[in-house]
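Numbers restart at 1 for each chain; the letters A, B, ... are given by sequence-line order, proteins then strands.
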There are 2 protein chains.
Amino acid sequence: MQITETKKRLIEKLGVFFEGQGKTPVEARIIGLFLVADQIEITLVDIQQTLSISKSAVNNAINVLLLREEVEYVTKPGDRKKYYKSKIEQWMTHVEQHIEKSVEGKVLLKEALEQRIKTTKTFNTALKDMIDFMDYVQSQHKELFTKWKKLRNKS
Amino acid sequence: MQITETKKRLIEKLGVFFEGQGKTPVEARIIGLFLVADQIEITLVDIQQTLSISKSAVNNAINVLLLREEVEYVTKPGDRKKYYKSKIEQWMTHVEQHIEKSVEGKVLLKEALEQRIKTTKTFNTALKDMIDFMDYVQSQHKELFTKWKKLRNKS
DNA sequence: TTTTTAGTTCTGCAAATACAGAACTAAGTA
DNA sequence: TACTTAGTTCTGTATTTGCAGAACTAAAAA
């Protein structure tokens, strides 16, 4: 498996971005590779060679991505290699989960509000607003996603 | 400055949550302290003592939070202490920025799509969908926030 | 039966992080 | 002028993270 210099550079740029999203360098570059590679299905050795990473690092990263269901693999009769592929269609689900996670602290904030002294009115109102906003975001997102799914299935 | 055991436990729980959001343990606990403390304005020494952290750690964390504009400070005449306070009202802005950041990779994904071989139709369509979805989220979010601001100012 | 191949696991190291403690600065105070 | 106080910066270190390389397992091929 070979890859152009342009694509290699793009993989690095994508890598840096995904690092910023909390992925490790290796994970990030593997995702990048899936995004630019001519093949959908890529073997461990291919990843290892095109990205110049150790086999163990690739294996560990891939297994993390498998757990997170960002990647899956297929097999072929009479071939014991695993052909890894990006679950890119699932990506929207991950965004949903990501947003869910960012408002999951709502419960704790409510607890904080209950525990607060009642005299700090401005602060308490601001905190209350924050919690309400989280509720709002949460409710609106469900709509956002269902709307999108409809919109998507039409075109 | 003193604080109940209940609140201390809550600070730790909030701390763990904010660590999950990418903050360092110290940053996370300082934010937690601001959320439950009876005073709005808290000095460096107060933070240091109630959280049992070193002065340097508090100072560094506070300065990071100042840079990120999650915290600000006020001063008082004839008192050279700095009174730090949470910029909790600004919190919605941070959520906006957070969401913006999560779709800022759109440009790179477009680049990836352009560079891709044209024969992997399913994948390319999925990638295109992903990009479109990011556009959609971005546009809808602006609406989401302005709607909320209206809704908020009414009540 | 040895050899090859795919993948996993283990071991160790190098770099990055996060923090404590001490030294230091600057501006008042006794 | 020495002393205190608030805050900053520096130095060292413990911990964590991320990865390479080697050892290992399992299954098929020679």
Side-chain angles (χ1 to χ4, degrees), chain A residues 1 8 11-12 14-34 39 41-68 70-85, chain B residues 1 8 11-12 14-34 39 41-68 70-85:
Chain A
M1 192 180 140
K8 282 192 182 172
I11 289 176
E12 291 306 316
L14 287 162
V16 171
F17 170 70
F18 287 116
E19 282 182 40
Q21 305 286 326
K23 318 273 181 200
T24 68
V26 170
E27 284 164 22
R29 271 141 199 86
I30 292 177
I31 296 172
L33 176 59
F34 279 120
Q39 300 90 319
E41 302 171 352
I42 312 182
T43 66
L44 197 146
V45 180
D46 277 341
I47 298 174
Q48 190 210 325
Q49 287 173 347
T50 54
L51 295 183
S52 317
I53 322 177
S54 77
K55 200 162 64 149
S56 63
V58 173
N59 187 64
N60 290 328
I62 279 287
N63 284 325
V64 169
L65 294 176
L66 282 170
L67 268 177
R68 288 206 208 108
E70 299 183 38
V71 158
E72 63 185 337
Y73 66 83
V74 293
T75 51
K76 309 193 174 185
D79 183 347
R80 65 203 164 82
K81 279 197 283 297
K82 292 177 180 175
Y83 293 84
Y84 299 101
K85 48 186 295 191
Chain B
M1 192 178 140
K8 281 191 183 175
I11 289 176
E12 291 306 317
L14 287 162
V16 171
F17 170 70
F18 287 117
E19 283 181 38
Q21 304 286 327
K23 317 271 181 200
T24 68
V26 171
E27 283 164 22
R29 272 142 199 86
I30 293 177
I31 296 172
L33 175 59
F34 280 120
Q39 302 90 317
E41 301 171 354
I42 312 181
T43 65
L44 196 146
V45 180
D46 278 340
I47 299 173
Q48 191 210 324
Q49 287 173 349
T50 55
L51 296 182
S52 315
I53 323 177
S54 76
K55 201 163 59 149
S56 62
V58 174
N59 188 63
N60 290 328
I62 278 285
N63 283 326
V64 170
L65 295 175
L66 282 170
L67 267 178
R68 288 207 209 106
E70 299 182 37
V71 159
E72 62 185 336
Y73 66 81
V74 293
T75 51
K76 309 192 173 183
D79 183 348
R80 66 204 163 82
K81 278 198 283 296
K82 291 176 181 177
Y83 292 84
Y84 298 101
K85 48 187 294 192

Engineer: Drop me the distance from Glu27(A)'s CD to Glu19(A)'s CD, to the nearest 0.5 angstrom.
Structural biologist: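 CD of Glu19(A) is found 10.0 Å from CD of Glu27(A).
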
Engineer: Whole Å only: how far is the CD1 atom of Ile42(A) from the P atom of dA6(C)?
Structural biologist: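 Taking atom P of dA6(C) as the reference, CD1 of Ile42(A) is at 16 Å.
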
Engineer: Lys82(A) has an atom NZ; how far is it from atom C1' of dT5(C), in whole Å?
Structural biologist: 14 Å

Engineer: In whole angstrom, give the distance that lies between atom CD of Glu41(B) and atom P of dA6(D).
Structural biologist: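 Rounded to the whole Å, the gap is 16 Å.
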
Engineer: Just the rounded figure in Å: distance from P of dA20(D) to NZ of Lys55(A).
Structural biologist: 13 Å

Engineer: Which whole-number value in Å describes the distance from Asp46(B) CG to dG7(D) P?
Structural biologist: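 It works out to 10 Å between those atoms.
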
Engineer: Return the value, rounded to whole Å, for the distance between atom CG of Asn60(A) and atom P of dG18(D).
Structural biologist: 11 Å

Engineer: Starting at NZ of Lys81(B) and ending at P of dT29(C), how long is that distance when rounded to a whole Å?
Structural biologist: 11 Å

Engineer: Are Lys82(B) and Glu41(B) ion-paired here, with the side-chain N under 4.0 Å from a carboxylate O?
Structural biologist: no

Engineer: Starting at the 5' end of DNA chain D, which residue's closest nucleotide do you reach first, Ser54(A) or Gly78(A)?
Structural biologist: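 Looking at the nearest nucleotide for each, Ser54(A) comes out on the 5' side.
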
Engineer: For the pair made of CD1 in Ile62(B) and P in dA6(D), what is the distance, rounded to whole Å?
Structural biologist: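 Answer to the nearest Å: 15 Å.
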
Engineer: Please work out which residues in residues 14-26 of chain B have a non-hydrogen atom less than 4.0 Å from an atom of DNA chain C and list them by number.
Structural biologist: Thr24(B), Pro25(B), Val26(B)

Engineer: Do Met1(A) and Leu33(A) come close enough that some side-chain heavy atom pair is under 4.5 Å?
Structural biologist: yes

Engineer: Which nucleotide in the list dT4(C), dA6(D), dG21(D) gets nearest to the side chain of Ser56(A)?
Structural biologist: dG21(D)

Engineer: Is any side-chain heavy atom of Lys76(A) less than 4.5 Å from a side-chain heavy atom of Tyr83(A)?
Structural biologist: yes

Engineer: Do Ile31(A) and Leu14(A) have side-chain heavy atoms sitting under 4.5 Å apart?
Structural biologist: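 Ile31(A) does not reach Leu14(A) side chain to side chain.
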
Engineer: Side chains of Leu51(B) and Ile11(B): does their closest heavy-atom pair fall under 4.5 Å?
Structural biologist: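 Leu51(B) vs Ile11(B): side chains touch.
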
